[in-house]
Amino acid sequence: MEIVSQVDTKVFLWINGWVGASPTFDRVIRWVVSDYLIPVVFSVILLGLWFGWANQAMRERHQRGVMLAGIGVGMASAAVKLSNVFYFRPRPFDSLEVQLLFYPPTDSSFPANPVAVAIAMATGAWMANKRIGTAMYIGAFVYGFSRVYAGVFYPLDVLGGALVGVAATYLVYIILKRIEPVPTLCLRMVRFLCIG
């Protein structure tokens, strides 16, 4: 395990070592790494998936994907919170000399909660629409990379967050499949209330 940690640290230092090489790239990363850009863009995409289809079959499929994404985000966040009760990993800037492009968070570095949330959203979208989901996965990858580059996560933290996001959303998918027709009834009720 020590070797994995050393490799993780070396990769982190290599990526973070590029900070300052291009002020323009650093400005872009400061924008991408924020708590707002990717989460807001992903939320708008999910909103579009929820409302944006005239074809009823396609709309239902997309709404199921949005439902998966929403519940998956909750499950992923709960899983990260639970894991932090048992394991706390200090942030890179707590133990290494880094070039920080972001405010210093105080929660555990592993797994990366923002990445878990972004991947959960992307997974729900991907289960409904492969093209949109793939674009969201790419955005989530860029988001995770920006967090490493900015000095707030190790690469394995991002990988752990991604695995939590996928696993949580897939678990929700299995649960919803087993409790059918409850999800269908929920969608019908939402449509009856004119919010779907």
Side-chain angles (χ1 to χ4, degrees), residues 1-48 69 72-73 76-77 79-126 131-169:
M1 197 63 181
E2 184 63 30
I3 293 171
V4 172
S5 180
Q6 288 174 356
V7 170
D8 192 30
T9 300
K10 283 182 182 176
V11 172
F12 166 79
L13 289 170
W14 178 74
I15 293 170
N16 183 252
W18 287 95
V19 172
S22 168
T24 303
F25 188 70
D26 290 352
R27 276 194 296 277
V28 169
I29 290 295
R30 278 191 178 100
W31 192 53
V32 173
V33 77
S34 79
D35 289 328
Y36 306 106
L37 178 69
I38 296 297
V40 169
V41 167
F42 280 18
S43 297
V44 169
I45 290 170
L46 292 176
L47 195 61
V73 164
S77 294
V80 168
K81 193 79 164 165
L82 183 64
S83 75
N84 292 167
V85 169
F86 298 104
Y87 177 72
F88 183 90
R89 184 180 192 188
R91 297 285 183 149
F93 55 79
D94 288 332
S95 52
L96 301 170
E97 198 145 323
V98 303
Q99 299 188 59
L100 202 56
L101 295 179
F102 194 61
Y103 70 85
T106 57
D107 58 334
S108 178
S109 189
F110 182 87
N113 192 35
V115 175
V117 166
I119 291 290
M121 294 170 99
T123 302
W126 186 84
R131 194 170 38 178
I132 292 172
T134 300
M136 289 176 72
Y137 275 133
I138 291 167
F141 170 78
V142 170
Y143 189 45
F145 173 81
S146 74
R147 292 270 168 147
V148 174
Y149 183 89
V152 292
F153 284 119
Y154 290 100
L156 283 180
D157 302 335
V158 170
L159 180 61
L163 292 174
V164 167
V166 169
T169 307

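Treat the numbers as computed from the prediction; the structure is a model and nothing was measured. Nothing fancy with the numbering, it's 1 onward along the sequence.
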Engineer: Are there over 12 heavy-atom neighbours, none belonging to F93, within less than 6.0 Å of that residue's CZ?
Structural biologist: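 Yes - once you tally the heavy atoms of other residues, nucleotides and ligands closer than 6.0 Å, there are more than 12.
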Engineer: Please check if the number of heavy atoms outside Y87 that lie under 6.0 Å from its OH is greater than 12.
Structural biologist: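 Correct, the count exceeds 12.
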Engineer: Any chance you could lay out the side chain to side chain contact (heavy atoms under 4.5 Å, CB included) test for F145 and V32, step after step, and finish with the verdict?
Structural biologist: CA-CA 10 Å; F145 173 81; V32 173; over 6 Å; no
Engineer: Taking all heavy atoms of I119 and all of A162, pick out the closest pair and write down the distance.
Structural biologist: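 Closest pair (atom of I119, atom of A162, distance): CG2-O, 3.4 Å.
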Engineer: Spell out, as yes or no, whether a donor-acceptor pair under 3.5 Å connects the side chain of D157 to the backbone of A112.
Structural biologist: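 Not a single qualifying donor-acceptor pair exists.
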Engineer: Can you tell me how far CG of D26 sits from CH2 of W18, rounded to the nearest 0.5 angstrom?
Structural biologist: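 It is 12.0 Å, given to the nearest 0.5 Å.
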Engineer: I need the minimum non-hydrogen distance between P111 and G161, along with the two atoms involved.
Structural biologist: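 Smallest heavy-atom distance, with atoms named: CB-N, 3.6 Å.
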Engineer: So, does R91 use its side chain to make a donor-acceptor pair with the main chain of V152 at under 3.5 Å?
Structural biologist: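 Checked: pair present.
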Engineer: Hey, what do you get for CD (E97) to CG (L13), rounding to the nearest 0.5 Å?
Structural biologist: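 E97 atom CD to L13 atom CG measures 10.0 Å (nearest 0.5 Å).
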Engineer: Within a reach of under 6.0 Å around CD1 of I3, are more than 12 heavy atoms found that belong to other residues, nucleotides or ligands?
Structural biologist: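 No, CD1 of I3 has 12 or fewer neighbouring heavy atoms, counting only those of other groups under 6.0 Å.
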Engineer: Assess whether side chain to side chain contact (heavy atoms under 4.5 Å, CB included) is satisfied between L96 and Y154, documenting all intermediate values.
Structural biologist: CA-CA 11 Å; L96 301 170; Y154 290 100; 3.7 Å; yes
Engineer: Find out whether D35 and P114 are in side-chain contact, i.e. whether some heavy atom of one side chain is under 4.5 Å from a heavy atom of the other.
Structural biologist: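 No, side chains not in contact.
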Engineer: So, does T169 use its side chain to make a donor-acceptor pair with the main chain of A69 at under 3.5 Å?
Structural biologist: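 Looks like no, no N/O pair under 3.5 Å.
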Engineer: Where is the tightest heavy-atom contact between F12 and F153, given as atom of each residue plus distance?
Structural biologist: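 Residues F12 and F153, closest heavy atoms: CD1-O, 3.4 Å.
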Engineer: About how many Å separate CZ of F42 and CG of L37, when rounded to the nearest 0.5 Å?
Structural biologist: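 Here the interatomic distance stands at 9.0 Å.
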Engineer: Got a second to check how far R89's CZ is from S5's OG, nearest 0.5 Å?
Structural biologist: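 Separation between the atoms: 5.5 Å.
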Engineer: Is the ring pair Y149/F25 parallel, tilted or perpendicular, if the boundaries are 30 and 60 degrees?
Structural biologist: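 Taking F25 first and then Y149, their aromatic rings stand perpendicular (interplane angle over 60°).
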Engineer: If we ignore hydrogens and angles and just use 3.5 Å, is the side chain of D8 paired with the main-chain N or O of L156 as donor and acceptor?
Structural biologist: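 Judged by distance alone, yes, a pair lies under 3.5 Å.
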Engineer: Can you see which heavy atom on V33 is nearest to which on A150, and at what distance?
Structural biologist: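 Heavy atoms of V33 and A150 come nearest at CG2-CB, 3.8 Å.
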Engineer: Testing the basics here: between Q99 and G17, what is the closest heavy-atom pair and its distance to 0.1 Å?
Structural biologist: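 Result for this residue pair: NE2-O, 4.3 Å.
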Engineer: Would you confirm whether S146, through its side chain, and Y143, through its main-chain N or O, come within 3.5 Å as a donor-acceptor pair?
Structural biologist: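 Checked: pair present.
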Engineer: On a heavy-atom basis, which atom in G151 and which in L100 lie closest, and how many Å separate them?
Structural biologist: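 What the structure gives for the nearest pair is O-CD1, 3.6 Å.
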Engineer: Going from CH2 on W31 to CD1 on I38, what distance comes out if it is rounded to the nearest 0.5 angstrom?
Structural biologist: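 Answer rounded to 0.5 Å: 8.5 Å.
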Engineer: For the atom pair CG (L46) and CE (M136), what is the distance rounded to the nearest 0.5 Å?
Structural biologist: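 It is 4.5 Å, given to the nearest 0.5 Å.
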Engineer: Check whether NZ of the Lys or CZ of the Arg R30 lies under 6.0 Å from the centre of the six-membered ring of F102 and within 45 degrees of that ring's axis.
Structural biologist: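 The answer is no, since R30 fails at least one limit relative to F102.
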